[in-house]
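Here the structure comes first, spelled out in structure tokens, and everything after it is commentary.
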Amino acid sequence: MSASVIDFVATEARFGAHNYEPIEVVLARGEGVWVWDTEGNRYLDCLSAYSAVSQGHCHPKILAAMVEQAHRLTLTSRAFHNDQLAPFYEEIAALTGSHKVLPMNSGAEAVESAIKSVRKWGYEVKGVPDGQAEIIVCANNFHGRTLGIVGFSTDPETRAHFGPFAPGFKIIPFGDAAALEEAITPNTVAFLVEPIQGEAGVVIPPAGYFKTVRELCTANNVMLVLDEIQTGLGRTGKLLAEQHEGIEADVTLLGKALSGGFYPVSAVLSNNEVLGTLRPGQHGSTFGGNPLACAVARAAMRVLVEEGMIENAARQGARFLNGLKDIRANTIREVRGRGLMLAVELHPEAGRARRYCEALQAKGILAKDTHEHTIRIAPPLVITSDQVDWALERLATTLTQDLS
Ligand SMILES: *Cc1c(COP(=O)(O)O)cnc(C)c1O
């Protein structure tokens, strides 16, 4: 490493809270699927900022929308209307088939807002006694980092020494419809779940799970809240991952790729009933729904559709998954994925996934380990066949090495 890289890393370490353990690469520029470090080395980005940069780095049309809007008006607060919010509502509602939209900023805020909304719905519409609302969530969930959310995480690292936590959450195994049926009580207002558990290592539930989940929620008047912050907007090869299951959520959460990585934009989407319970003064955010965010999100949604990124995610995802399955390596325990949300799980004896990510970095690929033994692969949705093959070649040579 050159002096300058050591300098950046050391300065971060000296001043920054150590809540991350980044791969030792200092990025300075990005374009499409590629990023460059401060020395000019080029890498294929196989993380896409945890799926936030699905449209590719610095997409020119999103950039143009952002710059144009930044020249005109950036923030009004919701004390006044602005001329970007209404078209944003119309376009996101049309795209996703939703009736009501609540704009927020981070993914965690969208989750928190959904929790508040379904509780309110539970008291005011379903008739749950005040203070008794229950929300069912899944083991190994990841919904963000706020206090409310980490309180129902099952990852000890996420929770330890951050309590006390809010009550009202029940945890069941993911992919187990019988457990859901058993957990529902008259006070259950919602089931909050990821269509595919991303941070847990791209865990795909058994076929038919969500059909049963949908039926159980409908039968018991429980709101099905799908956290599509990572799976949504084309990542899995469909606009929303729920479409693979042939179901519709009552509440859908979007974030990450909603801005193509330019700016934090998230949204709660629902039918009329749930978000309809929020009255003036009961919820808000200074930056939520600001004109800059809306202009960026509008462009991010437009290019996703106009440039065929969702179809490309399906096509290249299948190519990538088949290519990974063809790699004959003793290190690989399982390969799984849907669309361009992929993971390689290593045998525990193969050593830490981090070592393989570092070896991939040396070959020009940036990927991120998750949970010790899993390498997550999620390139921007604009990746081409040649780029997939290029990545597969490097993955094959890396995974056939023994780095234990
Ligand atoms: C990333 C993520 C979140 C949290 O989003 P932030 O913008 O980091 O707050 C919530 N849910 C899922 C499924 C995610 O992947």
Check: Do Glu112 and Lys116 sit within salt-bridge range, that is, some charged N less than 4.0 Å from a carboxylate O?
Finding: no
Notebook entry, point to check: Closest approach of Leu216 and Ala177, non-hydrogen atoms and distance?
Noted result: CD1-O, 3.5 Å
Check: Where do Leu63 and Cys58 land on the side-chain contact (heavy atoms from CB on, under 4.5 Å) test, with the steps shown first?
Finding: CA-CA 6 Å; Leu63 173 65; Cys58 298; 5.6 Å; no
Next item on the list: Using a cut-off of 6.0 Å, state whether more than 12 heavy atoms not belonging to Lys363 lie near its atom NZ.
Entry: yes
Checklist line | Results of ring-ring contact (aromatic ring centres under 6.0 Å, His included) for Tyr209 - residues two or more places apart only | finding: Phe174
Item checked: Residues forming a salt bridge (charged side-chain N to carboxylate O under 4.0 Å, His left out) with Lys61, sequence neighbours excluded -> Glu307
Check: Hey, are Lys211 and Glu215 close enough for a salt bridge, meaning a charged N less than 4.0 Å from a carboxylate O?
Finding: no
Check: Between Asp389 and Arg319, does at least one N-O distance fall below 4.0 Å, as a salt bridge requires?
Finding: yes
Margin query: Holding to side chain to side chain donor-acceptor pair (under 3.5 Å), I want the full list of residues that pass it with Asn312, two or more places apart in sequence or in another chain.
Written below: Arg315, Gln316
Note to self: Going by side-chain contact (heavy atoms from CB on, under 4.5 Å), name the residues that satisfy it together with Glu242, two or more places apart in sequence or in a different chain.
What the structure shows: Leu226, Glu228, Leu240, Ile247, Glu248, Ala249, Thr252
Checklist line | With Phe142 via side-chain contact (heavy atoms from CB on, under 4.5 Å) - residues at least two apart | finding: Arg145, Glu194, Glu199
Next item on the list: For the residue pair Ser404 and Asp402, confirm or rule out a side-chain donor-acceptor distance under 3.5 Å.
Entry: yes
Next item on the list: For residues 61-98, pull every pair meeting ring-ring contact (aromatic ring centres under 6.0 Å, His included), keeping only residues two or more places apart or in separate chains.
Entry: none
Notebook entry, point to check: Do the charged groups of Arg333 and Glu372 touch, with an N to O distance under 4.0 Å?
Noted result: no
Next item on the list: With sequence neighbours left out, write down each residue that passes ring-ring contact (aromatic ring centres under 6.0 Å, His included) with Phe262, or none if nothing qualifies.
Entry: none
Notebook entry, point to check: Taking only residues at least two apart or on different chains, which pairs with a member in residues 352-404 satisfy ring-ring contact (aromatic ring centres under 6.0 Å, His included)?
Noted result: Trp34-Trp390
Next item on the list: Determine whether the side chains of Gln84 and Arg298 contain a donor N or O and an acceptor N or O closer than 3.5 Å.
Entry: yes
Check: Are Lys368 and Asp45 close enough for a salt bridge, meaning some N to O gap below 4.0 Å?
Finding: no
Note to self: Looking at every heavy atom in both Gly255 and Leu233, which two are closest together, and how far apart are they?
What the structure shows: O-CD1, 4.2 Å
Notebook entry, point to check: Does CG in Asn41 sit with more than 12 non-hydrogen atoms of other residues, nucleotides or ligands closer than 6.0 Å?
Noted result: yes
Note to self: Going by side chain to side chain donor-acceptor pair (under 3.5 Å), name the pairs with one or both residues in residues 254-275, residues two or more places apart or in two chains.
What the structure shows: Trp121-Glu273, Tyr263-Asn290
Notebook entry, point to check: Should the heavy atoms of other residues, nucleotides or ligands under 6.0 Å from CD of Gln282 be counted, would the total exceed 12?
Noted result: yes
Note to self: More than 12 heavy atoms of other residues, nucleotides or ligands under 6.0 Å from CD of Glu311: yes or no?
What the structure shows: yes
Notebook entry, point to check: Can a donor-acceptor pair be found between the side chains of Asn220 and Thr188 at a distance below 3.5 Å?
Noted result: no
Next item on the list: Provide the closest heavy-atom pair for Thr286 versus Leu75 in the form atom of the first, atom of the second, distance.
Entry: O-CD1, 3.5 Å
Item checked: Gln55 side chain vs Ala300 backbone, donor-acceptor pair below 3.5 Å -> yes
Next item on the list: Sort and list the pairs that fulfil ring-ring contact (aromatic ring centres under 6.0 Å, His included) and have at least one residue in residues 277-324, not counting sequence neighbours.
Entry: none
Next item on the list: Check ring-ring contact (aromatic ring centres under 6.0 Å, His included) between Tyr50 and all other residues, then give those that pass, not counting sequence neighbours.
Entry: none
Notebook entry, point to check: Which pairs count as ring-ring contact (aromatic ring centres under 6.0 Å, His included) when at least one residue sits in residues 214-250, sequence neighbours excluded?
Noted result: none
